[in-house]
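Input: a single structure, listed below in structure tokens.
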Amino acid sequence: MEGAMNEDEGHAESPTPSGKRVNRVTPDVAGTRAPAAGRPPGRRPGSGTATRTTNLRWLRLVTVYIVLAIAAYQMSGWLFHNLRGFLGLLFLAWLASVTIEPVVDWFERRGLRRGAGTGIVMASLTLLVIGFVALFGTLLADQLAQLLTALPDAISRVTDWANRTFGTDFATGRDLIKITPETVKDLAERYTPSVLGVVSSIVGVVFQALTMLLFVFYMSAQGPQLRRTISSWFPARQQEIIATVWGISVEKAGGYVVSRLILAAVSAVATGIFLMVIGVPYWLPLAIWTGVVSQFIPTLGTYLAIALPAIIAAAQQPMDGVWVVVFGTAYQQVENYLLHPRITSRTVSIHPAVAFGSVIVGASLFGAIGALVSVPVVAVIQAIIETYGRRYELVQEDPTGPPEEEETAGSDGEDEPG
């Protein structure tokens, strides 16, 4: 028996056609190949090296992606910081273009070329501004200068009257503002620009105005062509979505701005007439202040708008200040229940908290321009969400609890033996 067995276990000699005997590997009891000496069970040759190579490759890729993400973040932050003025200008130009687009569309339906219609609208608006400045520019400048000069004294008089009437001890306007001849001289020396600074500031303002007008013209005159160009990059289904979003943007944002401009004009005219009738000085800048602030600053704009005319009127005659507050309150009710629903019927109704928050975010990102365009942008986003969003009916909870039949059936089931 010992001569028939090989020295190595698991191997057997078998004859071959040539008569030679070769060793064949025989499986062990479990049917698996016996591991070679010095090799761990279940480990293939070179498997550890391959695993380490794969891990190193993934580590390099993750490191490269992290570095690229950090670089992209830093680059985008740098670009946004340096280009936010230009981006705000683009937003303002887009808002102006969608505001005048309904009028341009009306000219186009009458057979006029779109570029010519845009030129007519922009020229008409420019002439309107020039006419207003020619009629009221001198009066507005004089009253505004007098208002700024008389404002500290007016605040001081109103504070003194409140202290005498209500027994309070508020600091006077002079103590709060602390404007003295020395302070005025110091401010003049510190902030009065040189001739070169004035010229450069004027050139900068003119350049920005011309740049915005150029963008407004091209965005309005070539609006349909721009929409077709953007839509051609997407399939048919996405093209329908782009057309819908574009139409919503023009209707809601443009309608919002137009409605606010109309309400601001009505408010300014009504306030100006009332202030002029009761004899409040500086009625023209105060009326413009009231119209613009009450319509373009959400939530707090109404109170800020009426506060300044009330202070100026109360400085001259305390009862005039009361009458200004009464007028502002009455006009606000007329606007809320009569004018606002009729004029803004086609625009989006935005929650006051959302509008106020959007103004804060827009001002922090793009400054004053961002504060102006933030509410129309939010109106467009809200309209798009309402168009493509889906709402479900709320499940009505039964305050009386489950029906008695179900309770009885459940109790009967518990009594039955299992």
Exercise for the section: Carefully, step by step, assess Val257 and Val98 under the rule side-chain contact (heavy atoms from CB on, under 4.5 Å). Expected result: CA-CA 9 Å; Val257 176; Val98 299; over 6 Å; no
Problem - Intermediate values then yes/no, side-chain contact (heavy atoms from CB on, under 4.5 Å), Val377 and Leu95 - result: CA-CA 9 Å; Val377 170; Leu95 190 60; over 6 Å; no
Exercise for the section: Apply side-chain contact (heavy atoms from CB on, under 4.5 Å) to Leu147 and Ile312, showing your working. Expected result: CA-CA 9 Å; Leu147 174 62; Ile312 298 300; 3.5 Å; yes
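A side-chain hydrogen bond (donor to acceptor under 3.5 Å, both in side chains) check over residues 269-292, counting only residues at least two apart or in different chains, returns nothing. Legend: side-chain hydrogen bond (donor to acceptor under 3.5 Å, both in side chains) pairs involving residues 319-333, not counting sequence neighbours, sorted by first then second residue: Gln332-Asn336.
The environment of Arg237 atom CZ is sparse: at most 12 non-hydrogen atoms of other residues, nucleotides or ligands sit within 6.0 angstrom.
By the side-chain contact (heavy atoms from CB on, under 4.5 Å) test, Pro102 pairs with no residue at all, sequence neighbours left out. Evaluation of the side-chain contact (heavy atoms from CB on, under 4.5 Å) rule for Ile120 yields Phe107, Leu112, Ser124 as partners, not counting sequence neighbours. Residues passing the side chain to side chain donor-acceptor pair (under 3.5 Å) test with Ser76, sequence neighbours excluded: none. Taking Asp105 as the reference, Arg114 meet the side chain to side chain donor-acceptor pair (under 3.5 Å) condition, with sequence neighbours excluded. Listed by chain and residue number, Phe132 satisfy the ring-ring contact (aromatic ring centres under 6.0 Å, His included) test with Phe136 (two or more places apart in sequence, or in another chain). Evaluation of the ring-ring contact (aromatic ring centres under 6.0 Å, His included) rule for Phe274 yields Phe327 as partners, not counting sequence neighbours. In terms of the ring-ring contact (aromatic ring centres under 6.0 Å, His included) criterion, residue partners of Phe91 (sequence neighbours excluded) are, by chain and number, Phe366. Not a single ring-ring contact (aromatic ring centres under 6.0 Å, His included) links Phe356 to another residue, sequence neighbours left out. Annotation: side-chain contact (heavy atoms from CB on, under 4.5 Å) contacts of Glu240 (sequence neighbours excluded): none. Every residue two or more places apart in sequence or in another chain that forms a side-chain contact (heavy atoms from CB on, under 4.5 Å) with Thr244 is listed here: Ile248, Thr387, Tyr388.
Between Leu286 and Pro281, the shortest heavy-atom distance links the atoms CD1-O, 3.6 Å. Between Val103 and Val121, the closest heavy-atom pair is CG1-CG2, 3.6 Å. The two residues Ser374 and Gly362 make their nearest non-hydrogen contact at CB-CA, 4.2 Å. When all heavy atoms of Leu284 and Gln143 are compared, the pair lying nearest together is N-OE1, 3.0 Å. Closest of all the heavy-atom pairs between Phe217 and Gly115 is CE1-O, 3.6 Å. The nearest pair of heavy atoms linking Ile306 to Gly328 is CD1-CA, 3.8 Å.
In this structure, the side chain of Glu101 does not engage the main chain of Ser220 through any donor-acceptor pair within 3.5 Å. Proximity of a side-chain donor or acceptor of Ser97 to a complementary backbone N or O of Trp94 within less than 3.5 Å is detected.
Using a 4.5 Å heavy-atom cutoff, the side chains of Ile297 and Thr302 are not in contact. You'll find the side chain of Trp78 stays beyond 4.5 Å of the side chain of His81, heavy atoms only. No side-chain heavy atom of Gln239 sits under 4.5 Å from any side-chain heavy atom of Pro235. The shortest distance between side-chain heavy atoms of Gln295 and Glu335 falls below 4.5 Å. A 4.5 Å side-chain heavy-atom check between Gln317 and Val280 finds every atom pair outside the cut-off. Taking the side chain as every heavy atom from C-beta outward, Val375 and Val354 never approach each other to under 4.5 Å. When side chains are defined from C-beta on, Met122 counts as touching Val216, because their heavy atoms get closer than 4.5 Å.
To the nearest 0.5 angstrom, Met219 atom CE is 10.0 Å from Leu214 atom CG. Remark: Ile311 CD1 to Arg157 CZ distance equals 14.0 Å, nearest 0.5 Å. The distance from atom CZ of Arg57 to atom CG of Leu59, rounded to the nearest 0.5 Å, is 12.0 Å. In this structure, Ile241 CD1 and Ile384 CD1 are separated by 11.0 Å, a value rounded to the nearest 0.5 Å. How far CG of Leu56 is from CG of Leu61: 11.0 Å, rounded to the nearest 0.5 Å. Atom OG1 of Thr149 and atom CG of Leu144 lie 9.5 Å apart (nearest 0.5 Å).
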